[in-house]
Amino acid sequence: MAGIRVNNLDLWYGDFQALKNVSADFKEKRITAIIGPSGCGKSTMLRVFNRMNDFIEGVRTSGEIIIDNENIINPETDLVLLRKKVGMVFQRPNPFPLSIYENIVFGERIHAEKINKNNLDEIVEQSLKSVLLWDELKDKLNRPALSLSLEQKQRLCIARLIAVKPEVLLMDEPCSTLDPQATQRIEELMRELRKNYTIIIVTHNMQQAARVSDDTGFMLLGELIEFDSTQNIFTAPKDKRTEDYITGRYG
Amino acid sequence: MFRKAKEFIIEKLIQVCGLASIFFVVVIFLFLLKEGLAVFKIVTPLNFLFGKSWYPISDPAQLGILPLICGSLLVTLGAAIISIPIGVACAIYIAEIAPSKTKEVLKAGVELLAAIPSVVLGFIGMVTLVPWVKNIFHLPTGLTALSGSIMLAFMAMPTIVSIAEDALYSVPKSYKEGAFALGATHWQTIHRVMLPAASSGILAAVMLGIGRVIGETMAVMMITGNAAVIPHSLLQPVRTLTATIAAEMGEAVVGSEHYFALFAIGIVLFIISFAINVTADLFLHRENR
Ligand SMILES: Nc1ncnc2c1ncn2[C@@H]1O[C@H](COP(=O)(O)OP(=O)(O)OP(=O)(O)O)[C@@H](O)[C@H]1O
Ligand SMILES: [Mg+2]
């Protein structure tokens, strides 16, 4: 099981520095929330952890991100292995335009040496069970995934990810398109998943951070201002800026 | 007040233009029906469609268009087999793989190919492709269905490439990100996510490409040999529906059975093209939903 250790991380989009000397320790089997105002670099930070920024032209990174004793900033990093280990759930649920079944077995199909039908069925059942969708969907596995509700889609995306057996789950505002009830249920799911995964969640919603996370990092203009247990951040912030933000003075 | 009147007049003008175009289509279609259906006083529809010999000026005239239908289908099938894989592969390359400079060059090239008049393509085919086919396969003549298919593939390709490329390009970026984030390689992402997501658009591209091929006249007339016999292989001369109309309409006496038969061929072509366009449309709309 892996945590993520970040040392002196800098990131530039062209001339614009989006991350400034960030250091933090994301511990395994905990939920870490990253909060901060819009544009402070939360998504950017999350996307370095599985190298999704590689697709953006002109991105440069320096520093260290250690996962399982390997600095994944290294150009030689095996991205397939990295992304298997460090999976991502996006802000807008993005199931593939395939059946529910095919969405979940996607990872198996691309990674397994040999495909075994029983094994696929097993994966579908296990993954759907772990996101609490099995009872709802077990008779509808061949329906198109795009016909599901938003919440179901997001759960399906989590299931699709879990099927790959990752160790770290990166979630970029996973509830921002969902209604409050659905949000609450996804949060319950996250608490459930925390037993087996390292979870890092970006959120705009401070209540959400306070509710679900064990640790919280507060970012501002590309800097990680404060990183501590959620309890400390929300009750006894050390930095004046953190305090201003959580009491709502930044917006 | 004045502005309102102006508005009114412009609106009406546009309406008239719109209605006029529909009116002309209807008139043309009715004319085609009137002239074409007359042939069925001489020959039954079954004998017309499935008759094996086309001797329109012998006495009595034999008006069976099966050889022509087979000719059109064979040439089209050949063109499809050549142009679909190459066209789709080219679209994938342009949409997904090519670096942006190469992409621009390729897109311009495809547009250029689309801009070559079909007579010119036919002419080039006649002086280059036809002798090659003749020599490679040791045939008495290079004017064969195969030559026609290859030439037509060049004509279908720009349509297929540009529409399929559009379809791939409009696949939401989030699908691609999702696949990459699960550790998929670029090729896995393309063939497991992008292609299924773009499938309706790609099918529409293929249908429209084939539609263009079936209706094409000049190039096939110049290089397929124009023998109205039922072909048994791609290496024989064939005659297509379109080439028949183009070649014979000039000599057919107005009001003769030959003349009516040519119009009836026009109806057959019309129905085929219409069916293809409607199918393509269905695919395109399925995607939009
Ligand atoms: N592809 C890019 N090219 C250039 N600048 C970018 C790019 N993506 C993000 N940025 C800039 O980097 C900064 C951080 O962006 P990022 O998306 O990480 O912020 P965020 O904290 O996730 O914001 P939000 O809460 O709105 O999602 C912003 O100023 C943004 O304008
Ligand atoms: Mg963001």
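In this text the structure is predicted, and so the values were computed from the model without any measurement. In what follows, every chain begins at residue 1, and chains take the letters A, B, ... in the order their sequences are listed.
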Let's go through A/Ile31 and A/Ile201 carefully: what are the C-alpha distance in whole Å and the side-chain angles of both, what is the deciding distance for side chain to side chain contact (heavy atoms under 4.5 Å, CB included) to 0.1 Å, and is it a yes or a no?
CA-CA 7 Å; A/Ile31 300 179; A/Ile201 175 176; 3.9 Å; yes
Nearest heavy-atom contact between A/Cys157 and A/Pro95 is SG-N, 3.5 Å
When you look at CZ of A/Phe55, are more than 12 heavy atoms from neighbouring residues, nucleotides or ligands closer to it than 6.0 Å?
yes
Examine distances only and state if a side-chain atom of B/Thr224 and a backbone atom of B/Thr144 form a donor-acceptor pair shorter than 3.5 Å.
no
Of all heavy-atom pairs linking B/Ala145 and B/Leu74, the shortest is CB-CD2, 3.9 Å
Out of curiosity, B/Leu182 CG to A/Phe96 CZ, how far, rounded to the nearest 0.5 Å?
5.0 Å
A/Ile4 versus A/Ile66: any side-chain heavy-atom pair under 4.5 Å?
no
Testing A/Ile65, A/Ile72, A/Val168 for side-chain contact (heavy atoms from CB on, under 4.5 Å) with A/Phe49, which one passes?
A/Ile65
Heavy-atom cut-off 4.5 Å, strictly under: side chain, backbone, both or neither for A/Val164 against chain B?
side chain
Quick one, A/Leu9 with A/Ile73, criterion side chain to side chain contact (heavy atoms under 4.5 Å, CB included). Give me CA distance, side-chain angles, the key distance, then yes/no.
CA-CA 10 Å; A/Leu9 178 67; A/Ile73 296 286; 4.0 Å; yes
Please classify the contact between A/Leu98 and chain B as side chain, backbone, both or neither, with a heavy-atom cut-off of under 4.5 Å.
side chain
Counting distance only, does the side-chain N/O of B/Ser72 pair as donor-acceptor with the main-chain N or O of B/Ile69 below 3.5 Å?
no
Got a donor-acceptor contact below 3.5 angstrom from the B/Thr128 side chain to the B/Ile124 backbone?
yes
All inter-chain donor-acceptor pairs under 3.5 Å (chain B, chain A):
from	atom 1	to	atom 2	distance (Å)
B/Ser174	O	A/Asn94	ND2	2.8
B/Glu177	OE2	A/Arg47	NH1	3.0
B/Glu177	OE2	A/Arg47	NH2	3.2
B/Leu182	O	A/His111	NE2	2.8
B/Gln188	NE2	A/Ile110	O	3.0

Counting heavy-atom pairs under 4.5 Å to chain A, which of B/Pro172, B/Gly183, B/Pro196 comes out on top?
B/Gly183
Counting a contact as any heavy-atom pair under 4.5 Å apart, which residues of residues 206-219 of chain B contact chain A?
none
